2 protein chains.
Amino acid sequence: MKKVFWIIILLVYISFAEEGMWMMNQLASLGLKEKGLKINIKEIYDESRPSIVNTIVNLGGATAELVSPDGLLLTNHHVAFGAVQRASTQGIDYITNGFLAKSKEEEIPAPGYIARIIQRIEDVTDQVLADIDPAVDPVEKEKAIEKKIKQLTDQIEGDRDNIEARIAGMYEGNQYVLFVYDVFEDVRMVYVPPQSIGNYGGDIDNWMWPRHTGDFSFLRVYTAPDGKGSKYSKDNMPYRPKRWLKIASDPLKDGDFTFILGYPGLTTRYRTSASVDYYQNYFYPNSIKNFSELISLLEEKGKESQVLSAKVAGLLSGLNNAMKNYQGNLDGMNATGFLQKKKEYEAELVKYINSKPELKKKYGNVLGDIVKIYEKINSKRDYDYALGQFNRLAGTLNRIANNIYYVAKEREKPDSERDPGFSEKDIQQAVSRLKYTYMSYDEGVDKALFKRALNMALSLPEDQTVVELKEFMNQYESVDAFLNAAYTNTRLTNIDSTAALYSKPSAMFNTLNEPLIRLAAVLYPLFEKNRKSDEQINARLKKLRKDYIAMLTAWKGSHIYPDANGTIRLTFGEVAGYKPRDAVEYKPFTTLTGVIEKDTGKEPFNLDPALRTLYNKKDYERWICQALGDVPVAFTHKCDITGGNSGSPVMNAKGELVGIAFDGNYEALTCDWQYDDDLQRTISVDIRYVLFITEKFAGAQYLLDEMGIK
Amino acid sequence: MKKVFWIIILLVYISFAEEGMWMMNQLASLGLKEKGLKINIKEIYDESRPSIVNTIVNLGGATAELVSPDGLLLTNHHVAFGAVQRASTQGIDYITNGFLAKSKEEEIPAPGYIARIIQRIEDVTDQVLADIDPAVDPVEKEKAIEKKIKQLTDQIEGDRDNIEARIAGMYEGNQYVLFVYDVFEDVRMVYVPPQSIGNYGGDIDNWMWPRHTGDFSFLRVYTAPDGKGSKYSKDNMPYRPKRWLKIASDPLKDGDFTFILGYPGLTTRYRTSASVDYYQNYFYPNSIKNFSELISLLEEKGKESQVLSAKVAGLLSGLNNAMKNYQGNLDGMNATGFLQKKKEYEAELVKYINSKPELKKKYGNVLGDIVKIYEKINSKRDYDYALGQFNRLAGTLNRIANNIYYVAKEREKPDSERDPGFSEKDIQQAVSRLKYTYMSYDEGVDKALFKRALNMALSLPEDQTVVELKEFMNQYESVDAFLNAAYTNTRLTNIDSTAALYSKPSAMFNTLNEPLIRLAAVLYPLFEKNRKSDEQINARLKKLRKDYIAMLTAWKGSHIYPDANGTIRLTFGEVAGYKPRDAVEYKPFTTLTGVIEKDTGKEPFNLDPALRTLYNKKDYERWICQALGDVPVAFTHKCDITGGNSGSPVMNAKGELVGIAFDGNYEALTCDWQYDDDLQRTISVDIRYVLFITEKFAGAQYLLDEMGIK
């Protein structure tokens with residue numbers, strides 16, 4: 001890792017890029033002016049007056065940006081997709097055809113879409129930790145902190161719906177930062193391009209470069225007539241922000257400085273080698289092997305009939321997605337020798353810590369203690385992995401049986417002992433959704449999945465045997481015999497009988513001839529034990545990881561960015577292609593000609609013929625980039641993003657909008673763990689393609705006028 | 001097509017490349033000096049003294065080159081593969097381990113490998129056509145020409161085994177050229193790298209760039225003690241040629257001039273739009289569809305057992321190869337709008353011809369007559385395609401039954417009426433190989449293939465119905481009923497009974513209860529009719545194509561190269577990468593680092609660990625290319641080659657050896673039809689990689705000494 005750091009430090013001067021998702025109070029330390037920024041950093045974030053930060057919108061798990069004085073938002077097509085889907089249920093297929101409101105009156109509400117805009121950011125570490133006894137047991141300490149945070153945020157929010165306060169722990173709890181948001185629950189659809197543009201390339205091109213997806217949509221924020229956030233009402237008015245982003249007029253080109261503001265969700269950049277070892281050498285390869293076997297099983301089953309194929313499609317798609325993600329992570333780790341680099345980096349850190357007696361005394365055992373915890377984790381990892389299969393991957397009936405038994409047992413506990421994740425509301429929801437659950441049920445598939453999970457759990461290494469399961473299965477001649485007994489005459493395939501079981505006391509199940517629930521009763525205490533032990537392990541790891549960050553700070557100084565946690569961050573880096581493999585070079589811009597070339601007429605490359613007509617008529621002159629001789633569609637740059645950044649604005653040196661971030665390249669699948677300047681790239685849709693499609697394809701000139709484009 | 005020509009003409013000045021596989025008597029017209037050649041063209045080919053042409057070896061369907069005064073040959077690994085395979089049957093696996101003779105005594109004979117080296121080239125058009133009546137029927141005329149050619153070549157060869165004469169028709173018979181070869185039947189294996197180097201990347205990388213295959217081998221030509229070609233004898237001596245190729249000492253780099261001499265097999269560059277239409281819009285798409293269905297069928301069957309999987313492997317592999325080839329051809333045609341370009345080109349040609357009354361009179365109907373022939377072909381193309389299935393793709397028993405009936409019928413004909421392809425020698429071979437034929441036989445697979453072919457032939461459009469087949473099948477309740485009758489108690493699954501049938505008279509089959517042969521008797525006259533009609537069509541097409549070439553010559557002058565036909569040709573063009581698609585650039589050199597990066601440990605990317613060791617020890621300094629900072633492995637250049645060029649030497653401007661051609665890129669799969677300067681590339685192994693592997697990996701310093709490398 002040290003090598004990587006050095007390379008990056010070198011590259012700062014060569015390429016003006018630097019890894020990191022930086023907090024707003026760190027901007028001054030980044031030397032952005034030297035790296036190419038042409039505006040004052042106060043333009044980006046200023047406590048005392050509206051700045052670019054106030055144009056950035058948190059949209060649940062994604063990001064959007066204000067681009068007009070009338071509350072117009074830009075975000076990704078895939079971010080607006082849920083709204084389009086919901087609006088399409090009335091017989092009109094907005095997914096395929098796209099949606100354009102010709103005027104504000106035609107805009108369609110997007111229920112569930114909540115826009116949050118930052119009002120205030122404040123370091124509240126002292127307040128949060130004021131009454132916390134540092135010597136207390138880690139689990140208790142975490143609970144006390146959570147309680148204190150709730151007190152503070154409740155105090156700010158009061159009973160107002162249009163204000164939200166969130167306190168986020170940075171650096172594993174070394175720092176606590178308060179974010180106060182204005183909340184707007186009335187968001188509406190303005191223009192969403194057809195799927196054949198907004199999701200052009202679909203799953204095939206997902207995580208891939210070169211990319212030709214027009215992944216953008218326009219939404220609008222509405223407020224109550226008094227200008228405050230409000231739920232949907234027909235009396236609401238377009239939001240009138242004090243500040244919005246200006247669309248860039250200078251053409252973006254290779255090597256240009258860019259920066260992104262957005263809401264990255266979760267990274268694990270400060271994990272130690274013990275954790276990397278676990279993922280790189282156990283979790284990822286093991287899961288890939290397991291998932292690919294499951295995928296084969298489901299694909300085989302799916303071949304039997306169209307009905308079966310449809311039933312397994314959901315699970316298959318989820319497994320395939322997870323596989324691609326895990327494989328990308330593993331490829332990235334292996335290709336960069338990630339574990340080895342982490343170890344070398346830690347060796348340097350230890351050398352430094354050991355050279356300072358005071359630090360050695362305080363932190364000398366931190367890495368060793370983490371290793372010990374992972375030794376414990378590893379000593380029963382196959383056991384844990386096999387038990388984990390009964391969570392989602394052992395069939396529908398097993399999952400329902402486990403859930404019924406869990407609900408009964410948790411309900412019977414006193415509050416203080418109950419699983420913090422237990423929620424009567426969730427249970428009601430699960431019961432009311434049973435009809436959907438059974439839609440994908442098939443006895444043959446279910447049995448096959450269940451059998452697989454049982455066999456996995458029954459063939460563990462001797463020192464990790466699930467004794468209770470073995471004893472239970474001894475009642476039956478074979479796994480098949482158990483399965484036959486379990487699936488014959490079970491009441492769990494009947495929705496009403498199943499729903500009824502959700503309100504029964506646990507003792508009642510002892511008298512029931514329902515092998516599925518009998519097994520659930522055997523598994524429940526094992527899950528329980530693991531949950532409690534995980535709680536302990538996580539609290540202890542959190543404390544050690546907090547110390548680890550403190551060690552890094554002592555060594556490297558305070559120029560460290562915290563892991564992503566859904567709070568606003570800035571990342572910067574220049575427009576750049578990359579060399580994915582020997583003799584291959586990827587250029588940083590794709591073009592409209594490339595969009596046309598990919599068109600096969602078949603999903604996901606079924607281009608809207610109207611776009612081909614525009615191309616043939618060369619009706620795009622205005623949006624041509626001279627250097628390319630073509631309309632730019634998407635570009636790669638060295639910004640450091642992750643899930644949650646979807647829809648984030650990409651700005652040039654003048655702070656003007658040049659694109660919308662929507663993905664990373666395949667090599668960036670390891671972005672949760674590391675940033676590699678040579679290979680990882682953010683993929684953004686070029687604002688010129690957004691404007692070309694909006695003006696020429698959608699014919700929505702009025703949106704360009706609203707954004708002040710002449 | 002005109003556009004293409006113009007682009008190429010422009011590029012001649014920009015890039016010094018030009019499409020074409022040129023004959024030796026055309027070298028002076030190519031302006032090679034202006035394009036970069038630094039030696040006199042007399043160094044390449046000189047009638048009166050040894051030139052580079054005399055270092056080029058025709059090796060059956062491939063090419064090799066002399067590289068030492070002791071008859072050392074360089075060619076491709078895949079060209080030497082057959083020899084390695086045969087030498088490996090004695091329990092030693094030279095395929096996996098490679099083979100190195102430590103001295104000449106250890107060299108292993110490569111039976112079947114025949115080296116032909118040009119002694120003389122002569123235009124014999126006048127002699128060939130001297131007594132031919134131009135007014136005679138096209139079929140008769142072709143037969144007369146063939147007879148005349150045989151006379152002439154027999155005269156030259158006499159009873160000598162070490163001389164071979166071949167007269168090849170150029171430009172569809174507008175010109176006839178005599179080639180006299182010295183023939184050497186004693187060729188031996190010297191050094192063949194292990195498959196993990198020589199075929200690194202296997203089928204996955206086949207036709208692909210970037211490529212990391214060390215596709216080379218060393219052989220040696222031996223002669224009788226008197227220096228003349230001879231069959232193998234232990235008294236033979238290494239061949240002492242008057243000339244051999246010098247290995248280049250200047251490093252090859254991007255943009256450098258290169259040329260290739262070799263034996264390209266077959267192209268169809270001068271086909272008219274009627275033919276292109278047939279292939280682009282019928283034959284390729286139809287065959288791809290048909291083959292992919294056959295592949296699915298065989299893959300499904302193969303899943304039933306390992307034995308079945310092995311039995312269908314050969315046919316599957318053949319179908320997959322053909323599919324990739326057809327798909328590549330079709331992709332190339334579609335991507336370049338080939339048919340449209342041909343049509344535009346012909347429109348220009350017609351315009352020119354019509355502007356000259358004399359030419360119009362002579363050639364005014366040529367294109368129209370070709371179109372008429374294709375109209376006839378197209379009117380029964382489904383009929384012909386379906387009948388064609390019974391040739392190879394309707395199962396083993398059907399093929400054997402057809403063959404038995406064909407042999408009986410042909411034998412009974414007078415000489416003059418017999419199929420020219422009939423050969424008693426071939427029949428003896430087929431019978432003696434029956435045991436191998438049955439190795440891949442499985443009743444279930446055979447029935448499924450047969451059923452498919454029958455159903456295809458029974459469901460043709462009404463105007464193409466195979467009436468005789470329909471009537472025959474009317475005897476049975478269904479296709480399945482026929483199949484059951486045919487396969488139950490057939491004697492064709494017994495080798496001895498089958499072999500015996502090959503000597504029976506045709507009348508005997510009427511009394512035999514063998515539905516498979518009964519059907520063969522129905523199909524035979526249909527095949528016969530088609531063979532005779534094909535003979536007519538081909539002779540007429542040949543005449544028209546000859547006229548078409550004459551039209552082109554009248555229009556464009558004589559600067560036209562003839563289609564490839566297995567005779568020696570020169571092609572030239574600079575080292576260059578290409579842009580395969582939007583935002584992607586392929587560089588012209590791959591590197592040793594790229595070889596290491598592709599290593600997965602699994603075939604076909606299972607690198608020999610010893611090579612990785614050399615890499616880690618950096619034991620390759622001598623072969624580094626400074627511009628790359630690495631050992632070059634393969635490179636792309638703009639030479640225009642096709643099958644048969646495998647193993648051809650790539651030479652630099654000084655006529656020195658810089659590489660060995662072994663493949664084209666995917667875009668070059670349409671090379672039989674066209675050459676595209678932007679996209680098609682020859683792939684050659686860099687001589688520096690050859691020398692690095694030979695010196696450092698094989699430890700065969702003596703071969704470098706022999707080639708005069710210091």
Side-chain angles (χ1 to χ4, degrees), chain A residues 200-201 205 208-213 254 296 299-300 303-304 327 330-331 334-337 575-601 605 615 625 627-636 665 667 678-679 681 683 686 689, chain B residues 200-201 205 208-213 254 296 299-300 303-304 327 330-331 334-337 575-601 605 615 625 627-636 665 667 678-679 681 683 686 689:
Chain A
Y200 192 58
D205 271 6
M208 292 297 163
W209 184 257
R211 192 68 155 277
H212 298 83
T213 317
D254 196 359
S296 294
E299 282 179 343
E300 274 308 304
K303 278 183 191 159
E304 290 172 19
Q327 191 65 58
L330 187 61
D331 286 352
N334 287 332
T336 56
V575 175
Y578 62 106
K579 294 179 182 168
R581 57 189 197 279
D582 192 31
V584 181
E585 191 174 324
Y586 284 170
K587 302 287 179 185
F589 284 95
T590 55
T591 66
L592 181 56
T593 301
V595 172
I596 303 293
E597 281 171 1
K598 273 190 179 173
D599 180 22
T600 59
F605 295 104
Y615 178 77
C625 162
L628 295 170
D630 209 326
V631 180
V633 171
F635 61 94
T636 51
N665 59 350
E667 291 79 356
D678 286 339
L679 287 175
R681 295 291 179 269
I683 301 178
D686 193 296
Y689 190 58
Chain B
Y200 192 60
D205 270 7
M208 292 296 163
W209 184 257
R211 190 68 155 277
H212 296 83
T213 316
D254 196 358
S296 295
E299 281 179 345
E300 274 308 307
K303 277 184 192 156
E304 289 173 18
Q327 190 66 59
L330 188 60
D331 287 352
N334 287 333
T336 55
V575 175
Y578 62 106
K579 293 179 181 169
R581 55 188 199 279
D582 192 31
V584 181
E585 191 173 325
Y586 285 169
K587 301 288 179 184
F589 285 95
T590 56
T591 66
L592 181 56
T593 301
V595 173
I596 302 294
E597 281 171 0
K598 273 191 179 173
D599 180 23
T600 59
F605 295 104
Y615 179 77
C625 161
L628 296 168
D630 209 327
V631 180
V633 170
F635 61 95
T636 51
N665 59 349
E667 290 79 357
D678 287 340
L679 286 175
R681 295 292 178 268
I683 302 178
D686 194 295
Y689 190 58

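Given the structure is predicted, the values throughout are model-derived calculations rather than measurements. Quick note on labels: first sequence line is chain A, next is B, and so on, each numbered from 1.
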- Item | Option passing side chain to side chain contact (heavy atoms under 4.5 Å, CB included) with A:Asp582 (candidates B:Lys598, B:Arg211, B:His212, B:Lys587) | B:His212
- Using non-hydrogen atoms only, which part of B:Glu597 is less than 4.5 Å away from chain A: side chain, backbone, both, or neither? side chain
- Message: Given heavy-atom pairs under 4.5 angstrom as the criterion, report whether the side chain, backbone, both or neither of B:Phe589 touches chain A.
- Response: backbone
- Item | When A:Asp630, A:Val584, A:Leu628 are compared by non-hydrogen pairs under 4.5 Å with chain B, the top option | A:Val584
